[in-house]
Colleague: 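Got a structure for you, questions after.
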Amino acid sequence: MIEIKKEECVSCGLCAKACPFGSIDLAKGYPELRECRQCGACVEACPRKAIVIELKKTTLTEHRGVLVFAEQRDGKLVEVVYELLGKGRELAGKLDEPLYCVLLGRDVERHAKELVGYGADKAFVFEHPLLEERLEEPYSKIITALINEIKPSVFLVGATDFGRSLAPRIAARLGTGLTADCTFLDIDSEKKLLVQTRPAFGGNIMATIICPNGRPQMATVRYKVMKKAVYDPARKGEVIKRVAPNELLESRVRILKETRRDQKEDVVSAEVIVAGGKGLGKEGFRLLKEFAKEIGAMVGASRPAVEEGWAQYEQQVGLSGKTVSPKIYLAFGISGAVQHVSGMESSEVIIAVNKDPKAPIFDIADFGIVGDANEILTELIKQVKSTRRECI
Amino acid sequence: MNIIVCIKQVPATTKVETDPQTGTLKRQGVEAVINPLDLHALEAAVLLKERYGGSITAISMGPPPAEAALRNAIAVGVDEAILLSDRTLSGSDTLATAYALAAAIRRVDSFDLIVCGAKTVDGDTAQVGPELAEQLGIPNISFVQRIDGIDDGRITTERVLDETIQLVSVLLPCVLTVTKEASEPRLPNLKSKINSMHATIKLLKASDLDVDHKRIGLNGSPTQVIRVFPPEKRKKGVMFGGLPAEASARLLEQLKKIKQIE
């Protein structure tokens, strides 16, 4: 929207001269716009900066509601969705606006009731065989059309690989702002804006971001960052079934084959992780794996350990590996370099064992043992096994 | 095959600090390098060119020093290099960046494929690739870890999508964003390095592009950073030493306290 600051105008007429459409009328001594095309030529021409562009201010108030993308995989809702609903409910409460969610897939309506139980006031469901696979093109087109219709002020998407590919397409399609990997979301009650905080520069700094004029304000959030919503089967909400027009279902991408990754090695969802670093050595890793097995934990590793071949890439924790936030993270023979720490520092409890008392890992560990990791592991295995025998 | 590779110059180290007084990033004296994943994108493009023929154009949007990154690209096999540099483009968030890059790309004769690194080490968002694809109206495949080949106007790639590995076929033209598994970047030899020093880099300004001023730079950036601050540091906890047997016992005690692990 082009706005005129009458008090700044000196009636020089340069704006009218600059307007390629002859839309400026100076009869009153200041510019009046007729059928303005929003090209902005007058803004540049004005020597007094009396003409300004206000991006879409008038439509901001039309936007109400927090929308959550309910991602599904193989017909099941993805874990992060419950957390987005939890956060979404909190944000919606502070804005005094409704909480919506949108679910796409094949045969997924049964989850819609669940979404209501987890907090959604309205669950929009689009079902179609062609939506069974998560594909960026049909998903982004259908969701964008819904957003244009219901006009939410906030749109939250889980930062899954799919979410990180889908959300930017939707943001670009809508011409709005998107903040990736938010670790903190809140509402500025004065300005009624979504305040988004995220790490940048590999986690070395935190940035707080706002999106004052773009709507909806979009953010992606990783799994295990926000609190899960509380389920209430008696919660009332609407399930709204929608049909996607055929033109929106097309995709230039075809999935030829899909293989599940070896879930056994998945550190990301583990509650307890036993991780080893370069300080362990090959034999130490064997002990580590045994200890992990004894206590039912997943094995993790630092990058140098993976590069040595003692662990697999899927087990790598850190900047160039996985980000984990287990209940307990046990670090054996890991020095605690920034790149590794950035992948595990949000663990609830960190226990570290290292020969070097000055190892940086101790700066972030809740409990630290200075000692030979291999010796400690040998002892740990011995003690756990003997305790078990005693119980029998 | 005409391939476009988008590259970005980033700080050599991510160990940046905030100025405690102003709250802004301390950028002085930090060396700039080509974004690591962009090297993988370049290599992937060069491998495709070696296989299918054609040419590669590298584009970078940034301040004048970004020219060094483009010369780097030429040294590994890029044919044309374009630097999109203009003060009006500064302050761009991912949307405004994708918008400007799309406009620059439309000035290139034609393209079959665009390859980018999955994300940068400074911004870390992984957004520009998909946003660029949307702006150009073409499909994108993100986090590609292997490019298999091109056949009948479609490219086949392998990507990781959360808990699955997918073999995907995409109609060209499209945007691929690659992870480090996608290729092993070659080192330029001395001769190509010397040649890259003399190569001509095409310079584009915002006025050379068909863009709406409201959509570039700070004006065109819906997101605004209002504050940067150092992350909260975890406090140092309890340390204990002693003999392995003793220390282990205490560790197990702690574990039991936190979680039942018999």
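What you see below is based on every heavy atom in this structure, not just the backbone, and it leaves out hydrogens, waters and symmetry mates. So that the names make sense, note that chain A is the first sequence line, chain B the second, and so on, each numbered from 1.
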Colleague: If you measure from CD on B/Glu134 to CD1 on A/Ile170, what distance do you get to the nearest 0.5 Å?
Modeller: 9.0 Å
Colleague: Enter the distance from A/Arg252:CZ to B/Ile141:CD1 here, rounded to the nearest 0.5 Å.
Modeller: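 The CD1 atom of B/Ile141 is 11.0 Å from CZ of A/Arg252, to the nearest 0.5 Å.
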Colleague: Could you list the residues that satisfy side chain to side chain donor-acceptor pair (under 3.5 Å) with A/Glu345, not counting sequence neighbours?
Modeller: none
Colleague: Of the backbone (N, CA, C, O) and the side chain (C-beta and beyond), which part of A/Leu135 lies under 4.5 Å from a heavy atom of chain B, both, or neither?
Modeller: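 Neither part.
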Colleague: Can you tell me which of A/Ala207, A/Ala171, A/Pro199 forms the most heavy-atom pairs within a distance under 4.5 Å of chain B?
Modeller: A/Ala207
Colleague: For chain A, which candidate among B/Gly241, B/Pro139, B/Gly129 shows the most heavy-atom pairs at distances under 4.5 Å?
Modeller: B/Pro139
Colleague: If you count heavy-atom pairs under 4.5 Å between each of A/Ala159, A/Ala167, A/Ala172 and chain B, which one has the most?
Modeller: A/Ala172
Colleague: Looking at B/Thr125, B/Leu243, B/Thr179, B/Thr156, which one has more heavy-atom pairs under 4.5 Å with chain A than the rest?
Modeller: B/Thr125
Colleague: For B/Lys236, is the NZ atom crowded, meaning more than 12 foreign heavy atoms sit under 6.0 Å from it?
Modeller: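 Correct, the count exceeds 12.
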Colleague: Select one option (side chain, backbone, both, neither) describing which atoms of A/Asp181 are under 4.5 Å from chain B's heavy atoms.
Modeller: side chain
Colleague: Using a strict cut-off of less than 4.0 Å between a Lys/Arg side-chain nitrogen and an Asp/Glu carboxylate oxygen, indicate whether B/Asp162 and A/Arg134 qualify as a salt bridge.
Modeller: yes
Colleague: Taking A/Gly163, A/Ser140, A/Ala365 one by one, which has the highest count of heavy-atom pairs under 4.5 Å against chain B?
Modeller: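 Ranked by heavy-atom pairs under 4.5 Å with chain B, first place is A/Ala365.
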Colleague: Among B/Thr94, B/Ile138, B/Thr120, single out the residue with the greatest number of heavy-atom pairs under 4.5 Å to chain A.
Modeller: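 Top count of heavy-atom pairs under 4.5 Å with chain A: B/Ile138.
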Colleague: In terms of heavy-atom pairs under 4.5 Å with chain A, which of B/Arg159, B/Gln135, B/Lys119, B/Glu158 leads?
Modeller: B/Arg159
Colleague: When rounded to the nearest 0.5 angstrom, what distance separates CD in A/Gln217 from OG1 in B/Thr223?
Modeller: 11.5 Å
Colleague: Measure the shortest side-chain to side-chain distance between A/Ile255 and B/Leu167 over non-hydrogen atoms and say whether it is less than 4.5 angstrom.
Modeller: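 The answer is no, as the side chains (C-beta and beyond) never meet within the 4.5 Å cut-off.
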Colleague: Compare all side-chain heavy atoms of A/Thr208 with those of B/Val225 and state whether any distance is below 4.5 angstrom.
Modeller: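 No, side chains not in contact.
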Colleague: Kindly indicate, with the supporting measurements, whether the criterion side-chain contact (heavy atoms from CB on, under 4.5 Å) is fulfilled by B/Leu251 and A/Val353.
Modeller: CA-CA 10 Å; B/Leu251 194 160; A/Val353 178; 4.1 Å; yes
Colleague: Is it the case that over 12 heavy atoms from other parts of the model lie below 6.0 angstrom from the NZ atom of B/Lys180?
Modeller: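 Correct, the count exceeds 12.
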Colleague: Looking only at side chains, do B/Asn140 and A/Ser165 share a donor and an acceptor under 3.5 Å apart?
Modeller: yes
Colleague: In terms of heavy-atom pairs under 4.5 Å, which option from A/Pro357, A/Gly371, A/Ser347 contacts chain B the most?
Modeller: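 Maximum pair count with chain B is reached by A/Ser347.
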Colleague: For chain A, which residues from residues 145-155 of chain B lie under 4.5 Å away (heavy-atom distances)?
Modeller: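 Contacts with chain A: B/Arg154.
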Colleague: Do B/Phe240 and A/Val370 come close enough that some side-chain heavy atom pair is under 4.5 Å?
Modeller: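 A side-chain contact is absent here, since even the closest heavy-atom pair is not under 4.5 Å.
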Colleague: Above 12 or not: heavy atoms from other molecules or residues under 6.0 Å from CZ of B/Arg106?
Modeller: yes
Colleague: Examine whether an atom of A/Thr197 lies under 4.5 Å from a heavy atom of chain B, and if so say whether it belongs to the side chain, the backbone or both; otherwise answer neither.
Modeller: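 For A/Thr197, the contact with chain B is made by the side chain alone.
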Colleague: Sort out for me which of B/Ser221, B/Ser169, B/Gly237 touches chain A most, counting heavy-atom pairs under 4.5 Å.
Modeller: B/Ser169
Colleague: Please check if the number of heavy atoms outside B/Glu181 that lie under 6.0 Å from its CD is greater than 12.
Modeller: yes
Colleague: Heavy-atom pairs under 4.5 Å with chain B are the metric here; pick the option from A/Gly368, A/Ala352, A/Ala180 that has the most.
Modeller: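 Most pairs with chain B among the choices: A/Gly368.
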Colleague: What part of B/Val160 lies closer than 4.5 angstrom to a heavy atom of chain A: side chain, backbone, both or neither?
Modeller: both
Colleague: Under 4.5 Å from any heavy atom of chain B, what part of A/Ile351 do you find: side chain, backbone, both or neither?
Modeller: side chain
Colleague: Sort out for me which of B/Ala118, B/Ala98, B/Cys174, B/Ala133 touches chain A most, counting heavy-atom pairs under 4.5 Å.
Modeller: B/Ala133
Colleague: To the nearest 0.5 Å, what is the distance between CG on B/Leu255 and CG on A/Leu380?
Modeller: 8.0 Å
Colleague: Are the side chains of B/Ile165 and A/Glu258 in contact, using a 4.5 Å heavy-atom criterion?
Modeller: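 No. Closest side-chain heavy atoms not under 4.5 Å.
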Colleague: If you define the side chain from C-beta out and look only at heavy atoms, does anything of A/Thr259 sit under 4.5 Å from B/Thr164?
Modeller: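 Of all side-chain heavy-atom pairs linking B/Thr164 with A/Thr259, none is under 4.5 Å.
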Colleague: Please classify the contact between A/Phe291 and chain B as side chain, backbone, both or neither, with a heavy-atom cut-off of under 4.5 Å.
Modeller: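 Contact with chain B: side chain only.
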Colleague: In sequence, state the C-alpha distance, the side-chain angles, and the governing distance for A/Arg164 and B/Glu131, and then conclude on salt bridge (Lys or Arg N to Asp or Glu O under 4.0 Å).
Modeller: CA-CA 11 Å; A/Arg164 289 152 78 205; B/Glu131 287 189 309; over 6 Å; no
Colleague: Does any heavy atom of chain B fall under 4.5 Å from the side chain of A/Val195, the backbone, both, or neither of them?
Modeller: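 For A/Val195, there is no contact with chain B at all, as no heavy atom is under 4.5 Å.
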Colleague: Any chance you could measure A/Gln383, atom CD, to B/Ser248, atom OG, to the nearest 0.5 Å?
Modeller: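 So the CD of A/Gln383 and the OG of B/Ser248 are separated by 5.0 Å.
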Colleague: Given heavy-atom pairs under 4.5 angstrom as the criterion, report whether the side chain, backbone, both or neither of B/Ala96 touches chain A.
Modeller: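 No part of it gets close to chain A.
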Colleague: If you count heavy-atom pairs under 4.5 Å between each of A/Arg173, A/Glu137, A/Lys382 and chain B, which one has the most?
Modeller: A/Arg173
Colleague: Measure the shortest side-chain to side-chain distance between B/Asp124 and A/Arg198 over non-hydrogen atoms and say whether it is less than 4.5 angstrom.
Modeller: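 A side-chain contact exists here, since the closest heavy-atom pair is under 4.5 Å.
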Colleague: Do side-chain atoms of B/Gln224 reach the backbone of A/Pro212 as a donor and acceptor pair under 3.5 angstrom?
Modeller: no
Colleague: Could you pull out the closest heavy-atom pair between A/Gly175 and B/Pro222, with the gap in Å?
Modeller: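 Result for this residue pair: O-CG, 4.3 Å.
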Colleague: Quick check: do A/Asp366 and B/Val238 have side-chain heavy atoms less than 4.5 Å from each other?
Modeller: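 No, too far: nothing below the 4.5 Å cut-off.
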Colleague: Rounded at 0.5 Å granularity, tell me how far CZ in A/Phe367 sits from CD in B/Glu253.
Modeller: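 A/Phe367 CZ to B/Glu253 CD: 10.0 Å, rounded to 0.5 Å.
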Colleague: Is the shortest side-chain N to carboxylate O distance from A/Lys76 to B/Glu163 below 4.0 Å?
Modeller: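 Result for this pair is no, no salt bridge flagged.
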Colleague: So for A/Ser346, is it side chain, backbone, both, or neither that comes closer than 4.5 Å to the heavy atoms of chain B?
Modeller: backbone
